[in-house]
S.K.: 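Below is one structure. I have some questions about it.
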Amino acid sequence: VREVSVYLEKVLDELVLEFDCVKERRGMGLMQGLELVSQVPVGTVVNRCIEQGLIVISAGGNVLRMVPPLVISKKNVDEMAAKLREALKN
């Protein structure tokens, strides 16, 4: 779990650098969130993720929250990141 959580944090930090609409990554271990800028409706991003089969929820008005299962693998993190990228592009 520790190894994958470090990898997850790294991948999410890369998304923060890649997208101007993402302010910062928040969280500890596998419980993570991405704070979006106020102009981006988090509900829209949540719906786009769900359409791709990625279950995420919002926390507050502008945070996209992810709480993957403890058995998540690096391959699963990569798949999640690809789906997040697609949702954030639009």
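Keep in mind the model is a prediction, meaning the values are calculated, not measured.
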S.K.: How many angstroms lie between atom CE of M66 and atom CD1 of I57, to the nearest 0.5 angstrom?
M.R.: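 Those atoms lie 10.0 Å apart.
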S.K.: Out of curiosity, N76 CG to Y7 OH, how far, rounded to the nearest 0.5 Å?
M.R.: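 Answer for the CG-OH pair, N76 versus Y7, is 11.0 Å.
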S.K.: If you look at every heavy atom in V42 and G61, which pair is closest and at what distance?
M.R.: CG1-O, 3.4 Å
S.K.: Hey, does the side chain of N62 reach the backbone of L36 with a donor-acceptor pair shorter than 3.5 angstrom?
M.R.: yes
S.K.: For the side-chain contact (heavy atoms from CB on, under 4.5 Å) test, which of R26, Q32, K23 pairs with V63?
M.R.: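 Result: among R26, Q32, K23, R26 is the only option passing the side-chain contact (heavy atoms from CB on, under 4.5 Å) with V63.
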S.K.: Which value, rounded to the nearest 0.5 Å, describes the distance between K75 atom NZ and M80 atom CE?
M.R.: 15.0 Å
S.K.: Should we count CD1 of I50 as having more than 12 external heavy atoms under 6.0 Å?
M.R.: yes
S.K.: Please report the interatomic distance CG(L88) to CG(D20), rounded to the nearest 0.5 Å.
M.R.: 11.5 Å
S.K.: Decide side-chain contact (heavy atoms from CB on, under 4.5 Å) for L84 and L64; before the verdict, give the C-alpha distance in whole Å, the side-chain angles of both, and the deciding distance to 0.1 Å.
M.R.: CA-CA 10 Å; L84 278 172; L64 187 66; 3.6 Å; yes
S.K.: What is the minimum heavy-atom distance between C49 and V56, and which atoms define it?
M.R.: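 Looking at all heavy atoms of both residues, the shortest contact is CB-CG2, 3.7 Å.
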S.K.: When hydrophobic residues are tied together by side-chain contacts of less than 4.5 Å, even through go-betweens, does V4 share a cluster with V1?
M.R.: yes
S.K.: For the residue pair S58 and R65, what are the closest heavy atoms and their distance?
M.R.: O-NH2, 4.3 Å
S.K.: With a 3.5 Å distance limit and no angle check, can you tell me whether D13 reaches the backbone of K10 through a side-chain donor-acceptor pair?
M.R.: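 No, because the side chain of D13 does not come within donor-acceptor range (under 3.5 Å) of the backbone of K10.
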S.K.: Taking only Lys NZ, Arg NE, NH1 and NH2, and the carboxylate oxygens of Asp or Glu, determine whether R48 and E51 approach each other closer than 4.0 Å.
M.R.: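 The answer is no: the pair does not qualify as a salt bridge.
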S.K.: Would you say M28 ends up clustered with V6 if hydrophobic residues are merged whenever their side chains have heavy atoms under 4.5 Å apart, either directly or through other cluster members?
M.R.: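 Unlinked, V6 and M28 end up in two clusters.
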S.K.: Side-chain heavy atoms under 4.5 angstrom apart, residues restricted to Ile, Leu, Val, Met, Phe, Trp, Tyr: same cluster for L70 and I72?
M.R.: yes
S.K.: Whether the N47 and T44 side chains hold a donor-acceptor pair (N or O, under 3.5 Å, no angle test) is what I'd like checked.
M.R.: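 Note: N47 and T44 side chains miss the donor-acceptor criterion.
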S.K.: Hey, is K83 close enough to E79 for a salt bridge, meaning N to O under 4.0 Å?
M.R.: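 Looking at E79 together with K83, the answer is yes, because their closest N to O distance falls below 4.0 Å.
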S.K.: Testing the basics here: between L8 and G29, what is the closest heavy-atom pair and its distance to 0.1 Å?
M.R.: CD2-O, 4.4 Å
S.K.: Just to verify, which of L12, V11, L15 counts as forming a side-chain contact (heavy atoms from CB on, under 4.5 Å) with R25?
M.R.: L12
